[in-house]
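The structure appears below as structure tokens.
In the text below, chain A, chain B and the rest are named by the order of the sequence lines, each starting its count at 1.
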Amino acid sequence: MKPFFITTAIDYTNAPPHIGHAYEKILADVLARYQRLRGREVFFLTGVDQHGQKVQQSAEREGIPPQEFADRISGTFLSLWKTLGISYDAWAATTAPLHRESVRAILSDLKERDWLYKATYSGHYSIRQEQFLTDKERGPDGEFGPEWGEVVLLDEENWYFRLSKCSEWLASFLESHPEFVSPGFRHTELSNAATKITGDLCISRPKSRLSWGIEFPFDSNFVTYVWFDALINYISFAGYGSRSEEGAAFRRRWPCDQHVIGKDILIPAHGVYWPCMLHAMGFADEEMPKLLVHGFWSLKGEKVSKSTGNVVDPAALAEIYGPTALRYYLMRDAVMGQDADFSEERLLLRHNTELGNGLGNLVNRTLSMTRRYREGSPNLVPLPADLSAHLEADAVTVKAFIAEMDAAQIHAGIETMVELVNRANALVDSAAPWKLAKDPEQADRLDAVLATLILSARTAATLLQPVAPDAANEILRQIGLPAISLDEETAIGTLPPGYVCGEPKPVFPRLEMQETGAPAA
RNA sequence: GCCAGUAUAGCUCAGCGGUAGAGUAGGGGACUCAUAAGCCCUUGGUCGCAGGUUCGAAUCCUGCUACUGGCACCA
């Protein structure tokens, strides 16, 4: 089976990460870890977009080379991914020589096959902002405002990609491949919008205006502009065009199973430019990747923006509440594709009720009773009907979990885990081991109940593993059993001979509200 | 302007033609293995508004309102 290939958007190294960056990487990480749990080989690619005008300008302001500036910001991302446990297999930094050569080779190839041409654009140009202005920048009076400074009419040569040549192909591709974008409503949105995107795509900037980019191989006066540089990371870092082993690896990996992206870069970048670029490069329709589009996080109903200062710092949250609580909350509270509202109250609520009171307490009480009544080692006895029915229900839950996770419905997958935990906690109370322990005639029943609870707790920890790997592994360590296997028909299993459980220790200590330093709204 | 979507209990959401649901928060109870956790019971909604179709509508249709997103426009 081909490896599961998943990517995230690469983040722009002009400013440090915010909660949205963290959400997207955690989302991709959970899906990657889930696939590994299923026994599938995974190639998880994430990274940073280091080129561009803003990086160049920010570096100039500080009087340092752009690479140094980009590397410093990249470091804040790398450090956050480490804290959050993002298990990527490859790191795409767009200033890497490998990527540069890949972009240049693709440009040369496209030019040779007449997909690129040079043309002159004339328009209004702001000298202060160093950019062409469109009608969007005109004020209500039809004039360009004072924020643009001196505006002149300017002619400029640039390289263009024949996007218009793809419009018919794209329309029919979208029509015949409704699975290209999920959730479905985003695909509809793209299909409706794609027909309105006309004209060719300008893919260069003259070096006189922008030097911080990848130079054109056949025209050294120009560098590659944004999307033609950034989008190619998805294949360049996966081995595309390589003559070494990586080239073979690419042919196994491609097409990408999930480009995880935010709703802001679906149209036109990933929904129009990217498939058209791949089409031009010669990829067949069956070799097109799939897009998974997530929503945004708001804060108290307000759009998160630097100008209003309501930025949530994921590094601070991870520091205060820990990566487990943060990962769990972000995955639990956001419905795939929908926007969600961030609140620390809900973060604490989800952690303390579902993880602490639910799963954590189940593990704690189960191990505690096993040690108290059986010195950690229940006798292996056949399970009576009610208890085998309980484990059978767990197996059904696991199947439901698999269905939800395969559909990238992480919030729903987590919910099935919670249901399993609730059922186990109810069993503790109905079976009342503390009563069984007082009655020697109920010794077998007590053994069977403890074994059932241990197996249920182990299954719950397994289902939690993609979302909260550290916590799940700690639970499994305390239980003293490995995760169940999700690769074939689910087996809930039995206790192995000689089984002894470990010592319980709260895995999800109750969290209290802390001062995060975030501005009050 | 065009195209989508959302509006259901204080909060987060499910239901999508057949007597309003879950979790959480609030109230009560029995228990004691456990992270003052867990279990059982329970309060709480004229399902955005107005019409229509139907024996019957959160559920289908039309209009309206509010909010969200995309595209186009912004002369």
Return no unless some side-chain N or O of A:R332 is found under 4.0 Å from OP1 or OP2 of B:G23.
-> no
For A:V335, answer base if it contacts any base atom (sugar-phosphate contacts may also be present), sugar-phosphate if it contacts only those atoms, and nothing otherwise; contact means non-hydrogen atoms under 4.0 Å.
-> nothing
Ranking B:G69, B:A34, B:A37 by distance to the side chain of A:N357, first place goes to B:A37
A:T188 near the nucleic acid: base, sugar-phosphate alone, or nothing, with a heavy-atom cut-off under 4.0 Å?
-> nothing
Are the ring centres of A:W115 and A:F228 closer than 6.0 Å?
-> no
Pair A:R346 + A:D333, salt bridge at N-O below 4.0 Å | yes
In whole angstrom, give the distance that lies between atom OH of A:Y273 and atom C1' of B:C71.
-> 13 Å
Judged by nearest nucleotide, the residue sitting upstream toward the 5' end of RNA chain B, A:L349 or A:K438, is A:L349
P spacing across the pair B:A50 / B:U42, given as an integer number of angstrom | 32 Å
Any A:N364 side-chain N or O less than 4.0 Å from OP1/OP2 of B:U35 = yes
Distance under 6.0 Å and angle within 45° of ring axis: A:K263 vs A:F296 | yes
Any strand is fair game: report the nucleotide pairing with B:A58 by Watson-Crick or G-U wobble, both distances under 3.5 Å, or none.
-> none
Nearest to side-chain heavy atoms of A:E354, which nucleotide of B:G23, B:U32, B:A34 | B:G23
Could you tell me whether A:Y373 contacts a base, only the sugar-phosphate backbone, or nothing, with contacts defined as non-hydrogen atoms closer than 4.0 Å?
-> sugar-phosphate
Describe, in one word, how the ring planes of A:Y34 and A:F401 are oriented to each other, choosing from parallel (under 30°), tilted (30 to 60°) and perpendicular (over 60°).
-> perpendicular
Which nucleotide sits closest to the side chain of A:D339: B:A34, B:U12, B:U68?
-> B:U68
Rounded to whole Å, CG of A:L348 lies from P of B:U35 at a distance of 21 Å
